[in-house]
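Structure first, then comments.
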Amino acid sequence: MAVDEKETGFVKEIRKQAGDFPGWYNDVVRKAQLADNSPVAGTMIVRPYGYALWENIRDPLDRLIKQTGHENWYFPALIPLSFLQKEKDHVAGFAPEFQLVTKGGGKDLEEPLVLRPTSETMIATVLRDYVQSYRDLPVLTNQWNNVFRWELKPRFFLRTREFLWQEGHTFHETASEAEQEVAKMLDCYRRIAEEWCAIPVLTGRKSESEKFAGAQYSTAIEGMMMDGKALQMGTSHYFGENFSRAYDLTYTGRSNEQQYPHSTSWGMSTRMVGAVVMAHGDDSGLQLPPRIAPVQVIVVPIFRSDVERTQIASALTGILDALDDIRVKVDWRDERPGFKFNEWELKGVPVRIEIGPRDLASGQVTVVRRLDRAKKPVPLAELQTTIPAMLEHIQEALFKRALEFRKGHTVRLDSLAAMVGFFEESIGFVITPWCGRAEDEQAVKEATMATTRVIDRELPPGSQACAVCGRPATVEVVWGKAY
RNA sequence: CGGGGCGUAGCGCAGCCUGGUUAGCGCGCCUGCUUUGGGAGCAGGAGGCCGCGGGUUCGAAUCCCGCCGCCCCGACCA
């Protein structure tokens with residue numbers, strides 16, 4: 001059904017996406033009541049609607065983490081500074097982001113405590129006591145918590161000085177088992193992003209310069225936002241024996257020799273909420289994939305008199321029964337229907353049911369989907385099958401649209417000059433052959449602001465020349481401007 | 001940390017330059033009536049240490065000094 005010209009641009013409270021994407025994002029987050037500024041610089045208040053959205057991402061991820069054999073733990077938020085200092089690369093990478101607690105009980109502490117930026121150091125230290133034998137391995141831990149990093153340019157959900165996430169930490173007897181773990185958990189993240197959040201992602205290794213401080217290598221899922229910029233939505237790292245050695249975590253192996261376990265870590269954060277906003281939203285506001293939408297169906301009753309109100313209320317009991325397995329909310333507030341339509345569109349609810357006197361008279365309701373505002377009457381008897389099918393369809397349509405968008409904004413190039421031209425005129429990703437040198441990343445960044453996002457695949461030796469410097473390429477890499 | 005801007009009602013702002021009785025506007029909020037199929041109208045009402053401290057002055061939101069906080073632009077990151 002075509003959208004009437006007059007039916008666009010309802011939401012006047014938010015800036016337009018085109019032209020001021022960051023401003024649009026900021027407005028949507030606040031007006032849709034996902035989050036708000038807090039009294040403390042760089043931190044945010046996550047409001048109930050935003051937290052419900054996070055829970056709907058968190059819960060399926062928690063199930064995946066448990067299904068893959070991990071157990072939830074909780075480790076302290078305060079970490080002795082000396083713990084962090086034991087792994088050179090790690091402390092070098094995170095030191096600028098430390099927030100310290102130096103006093104307690106009115107006196108200086110003997111040793112400053114760091115508000116955890118991540119827990120590798122604490123967990124390696126603690127597990128020294130729990131891991132004695134190869135029989136104790138693997139140890140598969142996860143924890144849901146908050147972490148602190150002194151970010152310079154805070155953005156709702158994308159970068160704040162305190163954020164929520166899960167961090168998994170595992171310890172294995174062999175390198176290959178640990179590496180399989182890294183890949184397995186990255187795939188869990190891919191599934192959450194694609195199957196739940198309807199955001200297609202690229203997966204692969206990060207370059208040396210983009211990897212996690214202290215890792216042997218890092219992998220990530222990267223999505224494209226509607227401004228063509230890349231957002232890293234989850235990471236999974238292989239540490240080899242780096243942390244085990246730094247924290248003197250050993251076990252007795254099968255041949256009675258002291259061994260260092262191979263460890264991994266992986267995390268996904270509330271940044272996913274920001275990803276959902278930026279991957280699917282439009283000028284009317286949020287657009288939520290049905291599987292994670294806190295409200296999947298909003299019902300707006302329309303009535304003039306108390307009699308009509310009562311009639312609609314009684315018709316609604318049957319409707320709510322039919323939609324038993326769906327997150328339905330009825331908006332009985334004393335506002336005009338038009339106001340409610342706009343507000344729930346701003347909040348991204350996938351499907352709206354309007355029910356008024358005209359509907360009652362013909363035994364139907366009017367169903368409108370957020371996707372394209374397509375409106376159609378549905379007989380009451382068909383709701384039970386129509387609505388779930390519609391939600392499924394919207395979930396798929398959002399994913400396909402995001403996938404088409406990414407494909408339409410991804411090009412293969414083979415020279416720095418072409419890359420410069422692309423990033424000047426266009427938005428999106430560029431794929432090139434690359435030799436892997438950090439100097440090339442620096443050159444590209446200076447010329448285009450783009451950085452390597454993930455390494456797509458290895459190339460046969462000598463098959464192609466690096467797009468940046470012309471040396472023999474070893475990999476195919478994805479470049480993009482990133483959040 | 002370097003450059004620019006801003007602090008006045010919950011939010012967005014005017015007033016300041018050129019000091020002067022009761023500090024204003026829009027949105028939002030409260031009450032009532034009329035409304036209700038794409039952001040309602042009218043009437044009434046509540047709400048202010050004018051960022052903080054000091055100074056000048058008979059008198060300061062307004063002028064001067066200091067401080068604090070916030071936002072935007074240049075080096076890190078889930």
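Throughout, a chain's letter reflects where its sequence line sits, starting with A, and its residues are numbered from 1.
- Within the 4.0 angstrom heavy-atom criterion, base atoms lie near A/Pro357.
- No side-chain donor from either of A/Thr43 and A/Glu162 sits under 3.5 Å from a side-chain acceptor of the other.
- For A/Phe171, there are no ring pair (Phe, Tyr, Trp, His ring centres under 6.0 Å) partners at least two apart in sequence or on another chain.
- Following rounding to the nearest Å, A/Arg352 (CZ) and B/G37 (P) show an atom-to-atom distance of 12 Å.
- Partners of A/Glu71 under the salt bridge (charged side-chain N to carboxylate O under 4.0 Å, His left out) rule, at least two apart in sequence or in another chain, do not exist in this structure.
- When the salt bridge (charged side-chain N to carboxylate O under 4.0 Å, His left out) test is applied to A/Arg58, the partners found at least two apart in sequence or on another chain are A/Glu55.
- Here the P atom of nucleotide B/G10 and the CD atom of A/Gln33 are 18 Å apart, to the nearest Å.
- We find that CD1 of A/Ile14 is positioned 17 Å from C1' of B/G12, with the value rounded to whole Å.
- Between the P atoms of B/G47 and B/C67, the separation comes to 37 Å (whole Å).
- Side-chain N/O atoms of A/Glu343 and base N/O atoms of B/G39 include no donor-acceptor pair closer than 3.5 Å.
- At the heavy-atom level, A/Arg30 lies nowhere under 4.0 Å from the strands shown.
- Proximity of A/Leu380 to A/Ile319: side-chain heavy atoms (C-beta onward) are separated by under 4.5 Å at one or more points.
- Separation of the P atoms belonging to B/A75 and B/A60 is 47 Å when rounded to the nearest angstrom.
- When Watson-Crick and G-U wobble pairs are counted only if both distances are under 3.5 Å, B/G32 pairs with B/C42.
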Write down the protein N/O and nucleotide N/O pairs, taken from nucleotides 34-36 of chain B, whose separation is under 3.5 Å; answer none if there are no such pairs.
residue : atom : partner  : partner atom : Å
B/U35   : O2'  : A/Arg336 : NH1          : 3.2
B/U35   : O2   : A/Arg336 : NH1          : 3.2
B/U36   : OP1  : A/Arg304 : NH1          : 3.0
B/U36   : OP2  : A/Arg304 : NH1          : 3.2

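- Taking atom C1' on both B/G28 and B/C11, the two are 7 Å apart, rounded to the nearest angstrom.
- When heavy atoms are screened at a 4.0 angstrom cut-off, A/Ala41 is found touching the sugar-phosphate backbone but no base atom.
- To the nearest whole angstrom, the two P atoms, one in B/G15 and one in B/G7, are 10 Å apart.
- A side-chain N or O of A/Ser209 and one of A/Glu441 form a donor-acceptor pair less than 3.5 Å apart.
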Quick tally for nucleotides 72-78 of chain B: nucleotides whose base has a protein heavy atom under 4.0 Å get B, sugar-phosphate-only ones S, the rest -, giving -S-BBBB
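- Between the side chains of A/Asn142 and A/Trp73, no donor-acceptor pair is found at a separation under 3.5 Å.
- Classified by interplanar angle (parallel below 30°, tilted 30° to 60°, perpendicular above 60°), the ring pair A/Trp434/A/Trp479 is perpendicular.
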Tabulate below the donor-acceptor pairs under 3.5 Å that side-chain atoms of residues 190-200 of chain A make, not counting sequence neighbours, or state none.
residue  : atom : partner  : partner atom : Å
A/Arg190 : NE   : A/Asp187 : OD1          : 2.7
A/Arg190 : NH1  : A/Glu194 : OE1          : 2.8
A/Arg190 : NH2  : A/Asp187 : OD1          : 3.3
A/Arg191 : NE   : A/Glu195 : OE1          : 3.3
A/Arg191 : NE   : A/Glu195 : OE2          : 3.4
A/Glu194 : OE2  : A/Val201 : N            : 3.0

